[in-house]
There are 2 protein chains.
Amino acid sequence: MPRQVDYEDRRRRIAEAVCTLIARSGMEAVSLRDVAAQAGVSMGAVQRCFRTKQDMLLFALEHISQHVSERAEQRIAATSTPQAASTLLSHTLAELALLDEESKTQAQVWLAFVTHAPASEKLAAVLRDTYAKLHGLIAWLIRYGQDTREVPQHLDPDREAHTLLALADGLTAHVLAGHHAPATALAILQRHIDHLLEEASDRD
Amino acid sequence: MPRQVDYEDRRRRIAEAVCTLIARSGMEAVSLRDVAAQAGVSMGAVQRCFRTKQDMLLFALEHISQHVSERAEQRIAATSTPQAASTLLSHTLAELALLDEESKTQAQVWLAFVTHAPASEKLAAVLRDTYAKLHGLIAWLIRYGQDTREVPQHLDPDREAHTLLALADGLTAHVLAGHHAPATALAILQRHIDHLLEEASDRD
DNA sequence: CACGTTCTGATGCACTTGCATCGTATCCGG
DNA sequence: CCGGATACGATGCAAGTGCATCAGAACGTG
């Protein structure tokens with residue numbers, strides 16, 4: 001048997017290099033040579049890991065999709081001290097909005113892929129799956145909040161989840177565009193959630 | 001004097017060619033040759049109009065920014081039969097969300113520029129200006145609605161405008177990503193607006 | 001009608017791109 | 001300790017890139 005290489009690990013390394021470069025100068029501007037240099041491997045190694053550039057980009061998208069989903073899921077699952085459903089909702093959405101400075105790269109990459117989705121069905125498929133998963137997550141949180149009586153019963157969890165998700169993504173874009181500071185975006189998001197919670201105690 | 005050429009018109013033609021190509025395959029993937037072919041002029045003509053590729057892209061962004069802003073403003077100004085403030089608000093936002101099929105290209109281009117804004121201060125500046133203008137427009141509409149008593153007085157127009165704008169942009173992204181059909185996105189947007197309007201008649 | 005100015009589009013050029021190739025270094029089972 | 005399978009990285013290659021250049025066409029003016 002030949003020399004052993006942890007391919008999964010290398011693929012992940014390369015994927016992160018790809019993300020770094022995408023954030024720096026756009027999705028089509030990443031070249032195999034630059035990726036190799038950024039990842040600290042040779043060009044040949046990159047070509048061995050991914051048969052084509054498209055494959056590489058697709059893997060990078062799946063990589064960060066998984067990353068984002070996992071962060072949100074862990075935020076929910078690993079909550080040792082049981083939190084109020086409402087704060088859980090706030091924190092999860094804040095995380096999904098990728099507002100903190102460290103997530104900026106991920107936000108840029110995510111948006112780059114969304115932009116190219118209409119031009120590539122494979123990209124679009126990954127994005128649809130991820131969005132569906134995230135929507136399910138948020139809707140579940142809302143239902144949980146309704147169980148604990150923190151969220152008004154008359155709200156439709158699915159509809160509200162759609163609104164929340166779109167709002168979060170829109171704020172992400174606005175922060176990238178420089179229209180909002182991250183803190184401002186967070187405040188807007190929080191205000192909308194507060195609105196949902198306190199609203200219509202008269203109808204309940 | 002030499003042969004007369006309408007440069008403004010040509011620049012606009014080229015800008016639209018650029019947008020078409022950006023929508024087709026991304027922002028860095030547009031080449032001067034392709035732009036020239038798409039616009040039906042020679043490469044030399046393109047180079048005479050724009051000193052550099054960056055200039056060309058920047059002009060294209062300004063072009064569609066103006067296009068989007070103008071559409072929204074006209075929707076408001078040219079309303080011959082005075083409409084209810086609420087429907088005006090709905091229609092304007094629906095237009096800003098670029099949801100109809102013909103606006104898909106513009107949505108893609110817009111998102112492409114947002115994605116690259118962090119990498120180019122000049123792009124970011126144009127985006128900031130446009131967003132500021134749109135925000136002002138929406139806030140104005142809300143205040144107008146408050147004057148006509150259609151919109152609850154206790155709402156902060158600026159805050160609600162921020163939320164609405166972010167929601168619209170988020171829905172645009174979701175449609176591009178294939179997560180929503182345009183009609184669905186429109187419904188979500190409309191529902192949020194309805195919510196704003198009917199809400200809290202008890203507090204007024 | 002010719003002049004001179006402006007504009008044009010083809011071509012050149014240096015460079016980068018994605019991908020294929022290939023000799024060599026690296027490892028493991030025997 | 002060695003045979004052979006495997007991964008490596010350098011190099012090659014055709015295609016495409018942005019931009020510069022330039023001979024000539026196209027025009028308004030004298």
Side-chain angles (χ1 to χ4, degrees), chain A residues 1-61 63 109 112-113 115-116 119-120 122-123, chain B residues 1-61 109 112-113 116 119-120 122-123:
Chain A
M1 299 300 148
R3 164 208 213 137
Q4 292 278 56
V5 172
D6 185 345
Y7 274 92
E8 281 314 302
D9 179 67
R10 201 210 290 283
R11 284 165 79 93
R12 253 172 284 147
R13 271 178 198 283
I14 292 177
E16 301 212 356
V18 169
C19 291
T20 303
L21 293 179
I22 287 182
R24 186 176 304 158
S25 40
M27 180 164 159
E28 306 85 355
V30 308
S31 77
L32 295 187
R33 284 164 180 81
D34 291 348
V35 169
Q38 176 74 29
V41 302
S42 82
M43 224 182 90
V46 175
Q47 293 185 260
R48 192 154 316 274
C49 278
F50 303 102
R51 209 153 39 81
T52 161
K53 190 187 179 183
Q54 287 293 333
D55 288 356
M56 183 180 75
L57 292 174
L58 190 61
F59 181 85
L61 169 59
H63 179 69
V109 175
F113 281 118
T115 303
H116 289 139
S120 160
K122 293 194 174 185
L123 285 186
Chain B
M1 296 303 145
R3 165 205 210 137
Q4 293 276 58
V5 172
D6 186 345
Y7 274 92
E8 279 314 301
D9 180 67
R10 204 212 287 284
R11 284 165 79 93
R12 255 172 282 147
R13 270 178 199 283
I14 292 178
E16 301 211 357
V18 168
C19 290
T20 303
L21 293 179
I22 287 182
R24 185 176 304 159
S25 40
M27 179 165 160
E28 306 85 354
V30 308
S31 77
L32 295 187
R33 283 163 182 81
D34 291 348
V35 169
Q38 175 74 30
V41 301
S42 82
M43 223 181 92
V46 175
Q47 295 189 66
R48 190 154 317 274
C49 279
F50 303 102
R51 210 151 38 81
T52 161
K53 190 186 179 182
Q54 287 292 333
D55 287 357
M56 183 180 73
L57 293 174
L58 190 62
F59 181 84
L61 169 59
V109 174
F113 280 118
H116 290 170
S120 160
K122 293 193 174 184
L123 284 186

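Hydrogens, waters and symmetry mates are skipped; everything else that's a heavy atom, side chains included, is used. Labels below follow one simple rule: chain letters A, B, ... track the order of the sequence lines, proteins then strands, and each chain is numbered from 1.
Residues A/Met27 and B/Met27 form no side-chain contact, since every pair of their non-hydrogen atoms from C-beta on lies 4.5 Å or further apart.
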All N/O pairs under 3.5 Å across the protein-nucleotides 16-22 of chain C interface:
residue	atom	partner	partner atom	Å
C/dT17	OP1	A/Ser31	OG	3.1
C/dG18	OP1	A/Val30	O	3.0
C/dG18	OP1	A/Lys53	NZ	2.7
C/dG18	OP2	A/Leu32	N	2.7
C/dG18	N7	A/Arg33	NH1	2.8
C/dG18	O6	A/Arg33	NH2	2.8
C/dC19	OP1	A/Thr52	OG1	3.1
C/dC19	OP2	A/Lys53	N	3.0
C/dC19	N4	A/Arg33	NH2	3.4
C/dA20	N7	A/Gln47	NE2	3.4
C/dA20	N6	A/Gln47	OE1	3.2

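Put simply, CG on B/Leu21 is 15 Å from C1' on D/dG16, counting in whole angstrom units. Going from atom CZ of B/Arg11 over to atom P of C/dC7 covers 13 Å, rounded to whole Å. As a whole-Å value, the separation of B/Asp55 CG from D/dC19 C1' is 13 Å.
Here side chain to side chain donor-acceptor pair (under 3.5 Å) pairs that include residues 33-43 of chain A, with residues two or more places apart or in two chains, are A/Ser31-A/Asp34. Residue pairs satisfying the ring pair (Phe, Tyr, Trp, His ring centres under 6.0 Å) criterion with at least one member in residues 9-57 of chain A, sequence neighbours excluded, are listed as follows: A/Phe50-A/Phe59.
Looking at every heavy atom in both residues, A/Ala60 comes nearest to A/Ala15 through CA-CB, 4.1 Å. Taking every heavy atom of both residues into account, A/Phe113 and A/Leu57 meet most closely at CZ-O, 3.4 Å.
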